[in-house]
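Some notes on the structure that comes next.
Fair warning: this is a prediction, and the values are worked out from it, not measured in the lab.
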There are 2 protein chains.
Amino acid sequence: MIIDAAERLVAQGGTAAANAREIAAAIGYTPGTIYNHFANLDDLIRHVTARTVDGLATALSSVSETDPVRQLHAMADAYIAFTTKNRRLWAAAFEPLAKASATREAWYRATLERPLALLQDALKPLDPGASEEERRVAALSTWGALHGVVTLVEGDGRIGRLDAAPAPEMVHFLIDCVIAGLAARRKSARRNGRS
Amino acid sequence: MIIDAAERLVAQGGTAAANAREIAAAIGYTPGTIYNHFANLDDLIRHVTARTVDGLATALSSVSETDPVRQLHAMADAYIAFTTKNRRLWAAAFEPLAKASATREAWYRATLERPLALLQDALKPLDPGASEEERRVAALSTWGALHGVVTLVEGDGRIGRLDAAPAPEMVHFLIDCVIAGLAARRKSARRNGRS
DNA sequence: GACGATATTGAACACCGTTCAATAATGGTG
DNA sequence: CACCATTATTGAACGGTGTTCAATATCGTC
C-alpha cells in the first residue's frame with residue numbers, strides 16, 4: 001500500500017515528488033508510519049524499483065518470435081517501449097543512493113537477474129558454442145548497451161538528450177552489432193579448433 | 001575558483017558533499033556568494049561536469065594507435081580508465097537535475113560533442129562508405145554501449161554492481177561487436193550495389 | 001576623499017529525511 | 001466482558017538542505 005503510493009508518485013513526478021510527507025498524505029497516514037515499515041526512503045524506493053524491474057521482465061518475456069534475430073530485435077523494442085512508458089520509474093532505478101542501501105539482499109538481486117536471464121536465453125541460439133559465463137557477459141553487455149543508448153538519447157541528466165537518431169534505430173543498430181559480433185566469435189572459435 | 005572547490009568536493013564525496021555551505025567554506029566565502037555567480041547549485045555542478053567531459057575528451061584524444069581496431073580498443077580502455085579514476089565526478093554527470101537546468105546552452109552542448117566527435121573519427125576508417133549521419137549514430141551508439149556497461153557493472157545506484165566479468169573485458173566484447181557490425185553493414189551495402 | 005557600482009554577507013524561509021516518547025488501536029486470554 | 005501486552009500510529013521536534021534578499025562592505029574612478 002505504501003509501495004503503491006510511492007510508485008504512483010515516482011511515476012508522476014520522479015523521486016523528488018515521492019517524499020515522506022507526500023507519500024504519507026497520499027495514503028492518509030503520517031510520515032512516521034513509513035519508517036515503521038521501511039528502514040528509510042531509499043529502501044522504500046528500492047521496493048518500487050524491484051516492481052519496475054519485474055515489469056520490465058514481464059514485458060520482455062511476453063516477446064516470442066520464432067527467429068532468434070527477430071526475437072532479439074523485438075525484445076529491444078519492448079525494452080525501449082517499457083523504459084519510455086515508465087520514464088520516471090526507470091530513471092529512479094539509476095539514481096544514486098543517499099545512504100548505501102541494502103541492495104544486496106538475495107530477493108532483490110534475484111529480481112535484477114530476471115531480465116538478464118531472459119536476455120541470456122534469447123542469445124543462446126545465436127552463440128550455441130558459448131559457455132554460460134560467456135553468455136552472461138554477452139547478455140550483460142547487451143543490456144548495458146541498450147541502457148546506455150537510452151540514457152544518452154532520452155535521459156535528462158547533465159549529460160543527455162544528445163541529438164541523434166531516435167533510440168529504437170540506434171538500439172537496432174547495436175543489436176545487429178552484437179549479433180555480428182557473436183557470429184564472428186563463433187567463426188573464430190571454429191577456426192581455432194573448438195567443438 | 002568556485003568551480004575548483006566544487007569539483008574537489010564532488011570528486012571526494014559526490015554531489016551530496018558539494019552543498020552550498022561546504023563549497024563556500026572551502027573558499028572562505030558564504031553560501032550567498034555562490035548565487036551571485038551561478039543561477040543555482042545545479043548550474044554550478046554543470047560547469048563541473050563540463051570540465052569532466054573535457055577531461056574525458058582529452059584522455060580520448062591522447063590515444064593514437066595506427067591500426068583502427070587497436071585505436072578503438074585503446075579508446076575504450078581510456079574511457080574505462082577515466083571514468084573509474086573519476087568515479088564520483090562521472091556519476092554526477094548523470095544525476096537527475098533538481099530544477100531543469102540550462103543544459104542546452106551552446107557552449108555546453110559543444111562540450112558534450114567533443115568526445116563524440118573523437119569517437120566518430122575513430123570509427124571512420126572502419127566504415128568508410130557511411131554518411132556523416134550514419135557515423136554519428138554509430139558513434140553515439142558506441143558511447144552509449146560503453147556508458148551502459150560501466151553503469152551496470154560499476155554503478156552503485158539501485159540497479160548496479162551486477163556480478164559479471166570486469167568492465168574492460170565486456171567493453172572490448174562490445175567494441176568487437178560494433179566493428180563486426182560495421183563490417184557486416186559495409187558488406188551488405190556493397191552487395192546492394194553501393195559505391 | 002567622495003561617490004556610484006559591484007561584491008559579499010548573514011539571517012531568514014520553506015522544505016527535506018529522520019527520530020522517538022507519547023498515544024491509540026489491536027488482539028489474545030482468563 | 002474486562003484486562004493487559006503487544007503492536008501501530010502519531011506529531012512535534014532536530015539538523016540538514018537550497019535559496020533569497022535587504023543590508024553592508026569593498027572597490028575603482030573622478
Side-chain angles (χ1 to χ4, degrees), chain A residues 1-50 88-89 91-103 105 108 156-158, chain B residues 1-50 88-89 91-103 105 108 156-158:
Chain A
M1 176 177 176
I2 297 179
I3 300 175
D4 278 342
E7 186 177 29
R8 214 176 318 125
L9 287 170
V10 172
Q12 282 170 13
T15 49
N19 51 5
R21 286 165 180 86
E22 287 269 3
I23 297 169
I27 55 174
Y29 286 75
T30 51
T33 302
I34 296 171
Y35 290 86
N36 294 356
H37 299 273
F38 298 93
N40 49 45
L41 271 195
D42 270 350
D43 188 37
L44 168 56
I45 305 296
R46 189 166 53 94
H47 281 77
V48 173
T49 293
R88 293 177 200 273
L89 283 169
F94 292 94
E95 282 176 17
L97 289 329
K99 290 173 181 171
S101 191
T103 55
E105 292 172 54
Y108 186 72
D156 42 356
R158 271 171 277 263
Chain B
M1 175 177 177
I2 296 180
I3 300 176
D4 278 341
E7 186 177 30
R8 215 175 318 123
L9 285 170
V10 172
Q12 284 168 13
T15 49
N19 50 5
R21 286 163 179 87
E22 286 268 4
I23 297 169
I27 55 175
Y29 286 76
T30 53
T33 302
I34 297 172
Y35 291 86
N36 294 0
H37 300 273
F38 298 92
N40 49 43
L41 270 196
D42 269 350
D43 187 37
L44 168 55
I45 305 297
R46 188 167 53 92
H47 280 77
V48 173
T49 291
R88 295 177 198 275
L89 283 169
F94 292 94
E95 280 177 17
L97 288 331
K99 291 172 180 169
S101 191
T103 55
E105 292 172 53
Y108 186 71
D156 42 356
R158 269 171 279 265

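- The side chain of B:Asn40 lies closest to D:dT19, out of C:dT18, D:dT19, C:dT9.
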Seminar exercise, completed: For nucleotides 20-28 of chain D, 5' to 3', base contacts (B), sugar-phosphate-only contacts (S) and non-contacts (-) with protein non-hydrogen atoms under 4.0 Å give B--------
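- Remark: of the listed residues B:Asp4, B:Thr33, B:Val10, B:Leu44, B:Leu44 is the sole one forming a side-chain contact (heavy atoms from CB on, under 4.5 Å) with B:Ile23.
- Rounding to the nearest 0.5 angstrom, the gap separating the OG1 atom in B:Thr15 from the CD atom in B:Glu95 is 3.0 Å.
- If you measure from atom OH of A:Tyr29 to atom P of C:dA24, you get 17 Å, rounded to the nearest angstrom.
- For the atom pair A:Ile45 CD1 and A:Leu97 CG, the distance stands at 10.5 Å (nearest 0.5 Å).
- Here the CG atom belonging to B:Leu89 is positioned 12.0 Å from the CZ atom belonging to B:Arg8, to the nearest 0.5 angstrom.
- Rounded to whole angstrom, the span from the CD1 atom of B:Ile34 across to the P atom of C:dG10 amounts to 14 Å.
- Of the inter-residue distances, the one linking B:Arg158 atom CZ with A:Thr49 atom OG1 reads 5.0 Å to the nearest 0.5 angstrom.
- Straight-line distance from the CD1 atom of A:Ile2 to the C1' atom of D:dT10: 14 Å, rounded to whole Å.
- Across B:Leu41 and B:Ile34, no two heavy atoms sit closer than the pair CD2-CG2, 4.5 Å.
- DNA chain D lies under 4.0 Å from at least one heavy atom of each of the following residues of residues 12-25 of chain A: A:Arg21.
- Residue B:Asp43 contributes atom CG, which lies 14 Å from atom P of D:dG18 at whole-angstrom precision.
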Exercise. Yes or no on side-chain contact (heavy atoms from CB on, under 4.5 Å) for A:Glu105 and A:Arg46, after CA distance, side-chain angles and deciding distance?
Worked result: CA-CA 11 Å; A:Glu105 292 172 54; A:Arg46 189 166 53 94; 2.8 Å; yes
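- In this structure, B:Glu95 atom CD and D:dG18 atom P are separated by 12 Å, rounded to whole Å.
- Rounded to an integer number of Å, the gap from A:Leu97 CG to C:dG17 C1' is 15 Å.
- Between B:His37 atom NE2 and C:dT9 atom C1' there is a gap of 12 Å when expressed in whole angstrom units.
- When all heavy atoms of A:Gly14 and A:Arg88 are compared, the closest pair comes out as N-CD, 3.5 Å.
- In this structure, NE2 in B:His37 is found 4.5 Å from CD1 in B:Ile2, a value given to the nearest 0.5 Å.
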